[in-house]
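Numbers restart at 1 for each chain; the letters A, B, ... are given by sequence-line order, proteins then strands. In what follows, every heavy atom counts, from backbone to side chain, and hydrogens, waters and symmetry copies are set aside.
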Amino acid sequence: MTSIKRMLADTSGHDAITSKVYIRSAKSGKVTKIVREIYLRTDIPCSSRLCRVCLASAPVDSSNRSRPFILSEKPAGTVAFRYGHYLMPDTNIFLQCMDAIEHKSAFYDVIVLQTVLDEVKNQSLPLYNRLVSLTKSDEKRFYVFHNEFRQETHVRRGQEESINDRNDRAIRVACKWYQTHIQQAVASTGVKPPAIVMLSNDRDNLAKAKSDGVDCINLHDYVKGLANADELLDMISSSLQDQEKKSTRGANVYSEYASISKMNTGVRNGTLHQGTFHTSTYNSLEGTVGVPSFDKHLLIVGLENMNRAIDGDLVVVELLPQDQWKRQSDKLVDQDTLTKNENADVDEVESIVTEKERKALIDEAKRIQRSQDEGQKVQPTAKIIGVVKRNWRSYVGHIDPNSVNRAKSGGQQVVFFRPLDKKIPRIRVFTRQATQLLGQRIVVNIDTWDRNSRFPVGHFVRALGELESKEAETEALLLEYDVQYRPFPKAVLDCLPSVGHDWRVPEDKSDPDWDKRMDLRDLLICSIDPPGCQDIDDALHARQLPNGNCEVGVHIADVSHFVKPNNAMDDEAAQRGTTVYLVDKRIDMLPPLLGTDLCSLKPYVERYAFSVLWEMTPEAQIVNTVFTKSVIKSREAFAYKAAQMRIDDKSQTDPLTQGMRILLMLSKRLRQARMDAGALNLASPEVKVHMESETSDPASIEVKELLETNSLVEEFMLCANISVARRIYEAFPQTAMLRRHGAPPATNFDDLRSQLRARKNLDLRVDSSKALADSLDSCVDPQEPYFNTLVRIIATRCMLPAEYFSSGTQAYPEFRHYGLATDIYTHFTSPIRRYADLAAHRQLAAAIDYEPLDESLYNKNKMDAVVKNINVRHRNAQFAGRASIEYYVGQALKGKSMEQEGFVAKIFSNGFVVFVPKFGIEGTIKVESAKTYDADEYILELEDGKKVVLFDKVNVQVNFVKEQATGRRKTELTLA
Amino acid sequence: MEGLRNDGRRWNELRRIHCQLSTSSTNADGSSYIEQGFTKVICNVTGPAEPSNRQRVKQDSATVSCEVYFAAFSGTDRIKRGRNDKKVQELQTAIQKTFDSVILTHLFARSEISISIHILSQDGGTLAACINAATLALIDAGIPMSDYVCACTAGQSTSIFDQEGASPDPWLDVNYLEESDIPSLTVVTVGDSEKIVALSMENKVRIERLEAMIAVGISGCARVRGIMDKEVRRYGKEKLEAEGE
Ligand SMILES: [Zn+2]
């Protein structure tokens with residue numbers, strides 16, 4: 001308190017005041033003028049280590065610390081700037097060339113002006129975040145100079161001046177000021193002052209800078225003077241390089257986007273619709289947009305109507321007239337067959353539709369004519385007239401060898417990049433290293449997609465390594481699913497207890513750590529996990545009570561004791577959201593010291609835990625629930641199988657084993673109650689790999705055998721999660737961290753229901769999870785035992801994904817978890833590997849008055865941001881895990897060919913999808929020309945008279961071949 | 001970043017304060033005008049006088065009443081706040097209670113001192129500006145108080161400024177944008193005694209951060225007092241010189 005007062009005795013540092021006028025337009029269309037004050041000052045340092053003046057007057061915070069100066073004493077020089085230079089890029093440089101700027105080999109000592117930073121923020125939040133993290137790392141010496149608040153560099157907008165011109169002028173003024181300032185700083189020392197170099201691609205701005213006597217250069221010329229110019233030039237956004245050509249280019253192939261105001265008005269008054277665009281999995285010429293005003297998705301057919309939208313973009317669509325409405329295509333169309341022979345170099349495509357595409361569309365139209373009586377299956381179609389928000393990211397893939405001109409050595413050429421994600425179109429890339437990049441896994445960013453270009457245009461970011469090599473493919477899939485896999489930075493590791501592995505629960509119970517913590521070290525607690533599990537999140541105990549009831553305890557690793565809100569480790573964990581399990585690798589959410597040691601509830605040692613203690617009747621009815629932080633000592637860490645054997649061994653009568661028997665008995669009752677309430681059992685052992693089960697560890701994919709002890713653990717975890725969910729919702733009705741699973745709309749099952757009716761004369765009832773669970777049980781074919789599993793797999797795909805949410809964003813009935821048949825649910829039991837659980841721990845700790853709740857967990861907006869991120873991370877982690885399995889299966893079976901039993905899971909007019917249970921994989925088989933196709937009976941007759949019938953067993957030849965489109969091993973199926 | 005707030009101030013800096021006494025030529029006994037940043041407030045004081053309402057009469061002391069009016073154009077959205085608006089009522093009560101405890105009311109039994117405040121522009125710290133304006137107007141009216149009543153706001157900034165573990169600095173005298181973004185409180189002190197007569201909070205504040213925020217607020221009040229005192233002395237001197245001639 002005293003230190004703060006001392007600080008306040010200082011005189012104020014601002015010297016002048018000006019005001020800034022903002023025009024704000026509200027959603028309602030109202031325009032308001034807002035005037036804000038700006039305090040101009042002279043104590044904002046230049047942050048150059050050459051400068052003594054600024055150092056002497058550097059401002060301090062309440063603890064009397066000032067920030068270290070950033071810009072180097074001896075910055076690197078180039079040919080043009082012999083005595084070293086500080087760079088001062090303008091906004092567009094950051095917007096267009098961030099990849100190059102982040103490169104390790106160049107762009108050091110950079111002054112980021114406040115004007116520029118604000119403009120970047122307004123233009124692109126992702127790029128802004130990348131720029132901010134550059135300014136935060138010590139490595140590249142990026143300094144944010146608040147030029148708008150420094151008296152000498154503040155610039156007032158002139159009467160006739162546009163905002164852009166004013167900002168350009170602000171950059172030049174700042175540049176000039178720095179130049180003079182640094183010159184003065186070194187004047188007495190005899191050191192040659194480094195140049196302040198304005199980096200811009202704006203000719204006008206460059207010319208003005210020259211006449212002001214400011215050092216300036218355009219990016220291209222600057223990079224050319226650097227050591228590894230070729231690589232850096234490739235990374236510079238292609239839009240710069242294209243700029244010259246643009247005017248001379250050919251006709252437009254796509255229609256122009258509507259203006260933002262037209263789209264806004266249209267969406268508001270209901271004539272236009274806004275939604276997210278998704279490309280169809282089976283047909284790259286077709287996509288859908290889900291909009292609020294229609295039950296069914298709107299169909300977008302053909303590239304022209306897709307109008308440059310890419311999967312995930314937020315778009316505005318216009319409905320097409322009803323006579324153009326269509327059925328969803330039942331044809332398989334992939335990019336490969338459509339654009340096999342196209343040349344990346346050719347821009348002057350006269351028409352957007354190639355011959356092959358036209359043929360595909362005509363076939364489609366004919367088919368519709370034939371089936372016009374089936375009016376109910378026709379879907380409304382629409383055309384995309386504008387993109388509100390692009391979903392562009394970095395794409396992993398490889399260069400199409402056919403698009404490379406090998407004869408051409410050196411110099412720039414245009415090649416096709418094929419993304420791994422098949423929903424993303426091919427990307428034209430300008431490169432000087434085409435031949436070196438062949439056969440490499442590379443990363444590319446999209447820059448633009450102009451009306452006159454058939455494909456989007458992008459630029460090379462970096463190479464990961466050779467195709468199919470383990471390292472490159474693993475990194476590729478981590479990048480593709482945006483998994484943060486870099487080692488934990490020092491700032492994160494600094495948050496760990498300094499004693500490291502020597503950390504112990506304090507012996508002295510008067511230690512503050514023991515406050516409000518229950519001593520449960522006497523309880524006979526054990527953990528049951530997959531074999532070899534290192535990060536033990538949970539442990540259990542049970543014992544008989546004198547009154548005939550049982551006491552059951554679920555003890556969860558007390559991660560929130562070690563990870564405090566808002567420090568670097570918490571930020572990193574929140575960003576990562578979840579631990580990602582690949583076949584041979586685990587990417588941790590928390591540093592391993594915590595995950596596998598200090599937090600892990602290892603046997604024989606004392607650990608902190610967060611315990612849920614119930615009193616249950618022998619019928620597994622909960623009589624009483626207590627939540628408490630605790631100290632426990634696990635007596636044993638069992639694998640599922642070892643635990644099962646211990647329980648089954650009648651000769652074991654020690655209290656621990658008896659406790660486990662109580663747990664097993666209660667878990668069976670809990671399970672029965674859950675099933676009676678309508679919980680779905682969609683997972684069958686063979687397809688476990690593909691399922692999301694609420695608690696099963698993803699590493700358990702190899703476990704084919706499901707033991708009673710698996711479900712023992714699962715039942716109590718579900719029970720703990722539900723109890724915690726109720727408690728934190730009661731304490732924080734607006735921001736409790738919960739998880740819900742929406743009931744799937746009945747229309748999701750339309751296809752499956754009509755298929756089952758047509759083929760097997762079965763009726764699938766979907767009006768409730770109970771009805772679905774029961775009618776799935778009755779979907780059996782006495783001749784084919786696998787049929788039931790197949791139907792369950794297909795039904796699972798009709799479900800909605802479960803999601804995290806903050807309780808204030810949904811009405812109570814929407815909290816329901818459909819799959820588990822419970823009215824409320826959360827994740828509490830795996831805080832080592834899921835951030836949601838950590839958040840729930842903090843909320844529960846606050847709910848029981850253990851500690852105050854961090855602001856971020858009762859602030860609605862902050863909770864929404866956390867929830868949004870972990871939902872994405874959770875989904876990506878699952879995708880990455882599956883992709884990793886797929887890669888390993890492919891590598892293991894490389895070059896082999898075998899005949900296998902498969903089942904027809906889907907039928908198209910020109911092919912069908914076969915599911916092969918043995919490997920848990922599926923593949924499509926295309927049929928060049930089918931004799932007949934019966935869409936109602938789901939029968940495809942091949943040329944040789946053979947009939948392919950939905951749900952039937954077929955024998956297929958399975959090959960693992962390298963797929964042209966992705967450069968990855970894929971299953972290829974042919975009829976045996 | 002550089003520890004600068006969105007208007008270029010550092011954590012411990014007040015906004016520009018401009019204040020004036022005897023601004024009104026109406027029949028008020030005292031008046032004042034204050035600008036703190038773009039928050040602008042006019043205050044008129046009448047009394048001690050015969051109470052307008054018989055029921056308000058107190059036998060042994062004066063009654064302090066307060067009325068607050070928001071100009072429709074004062075905020076960014078044109079909201080009309082009527083007499084029964086919750087915000088208006090809260091402000092009136094806070095101001096009335098504060099001054100009731102500071103004015104030497106026992107000197108004026110059976111009379112009324114009424115404070116009327118017009119808020120012309122809101123840019124954060126409305127309550128603080130109202131209280132400061134009222135202090136000046138009461139001085140202008142010559143109503144005895146134990147000392148200057150000064151108010152200032154402090155906010156719990158959320159940006160992590162520097163190293164791990166260190167709490168970010170509290171922000172002194174929050175502007176409108178800050179006020180809508182972070183939790184803040186208004187501290188009211190009497191004289192330079194650091195005696196707090198009122199503390200107002202509209203949002204939840206972390207208990208660990210509270211002490212530092214109050215400390216900063218108190219120091220802010222001391223600086224506000226210095227500025228107001230200077231203006232009162234300047235005005236007094238000017239008045240004396242005018243009378244001397
Ligand atoms: Zn300097």
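- Heavy-atom neighbours of Lys121(A) NZ from other residues, nucleotides or ligands within 6.0 Å: at or below the threshold of 12.
- Taking CD1 of Ile38(A) as the reference point, atom CZ of Arg9(B) lies at 11.0 Å (rounded to 0.5 Å).
- Proximity of Tyr39(A) to Arg16(B): side-chain heavy atoms (C-beta onward) are separated by under 4.5 Å at one or more points.
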Give the intermediate values and the outcome of side chain to side chain contact (heavy atoms under 4.5 Å, CB included) for residues Gln114(A) and Leu4(B).
CA-CA 11 Å; Gln114(A) 182 188 3; Leu4(B) 287 169; over 6 Å; no
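- Heavy-atom distances place the side chain of Tyr858(A), and not its backbone, under 4.5 Å from chain B.
- The local environment of CD in Glu90(B) is crowded, with over 12 non-hydrogen atoms from other residues, nucleotides or ligands closer than 6.0 Å.
- Between Glu855(A) and Arg209(B), none of the side-chain N atoms (NZ, or NE/NH1/NH2) sits under 4.0 Å from a carboxylate O, so this pair counts as no salt bridge.
- Of the two parts of Asn175(B), neither the backbone nor the side chain holds a non-hydrogen atom closer than 4.5 Å to a non-hydrogen atom of chain A.
- At a 4.5 Å heavy-atom cutoff, Asn859(A) makes no contact with chain B through either its backbone or its side chain.
- Ion pairing between a basic and an acidic side chain is recognised when a charged N comes within 4.0 Å of a carboxylate O; Arg15(B) and Glu37(A) show no such pairing.
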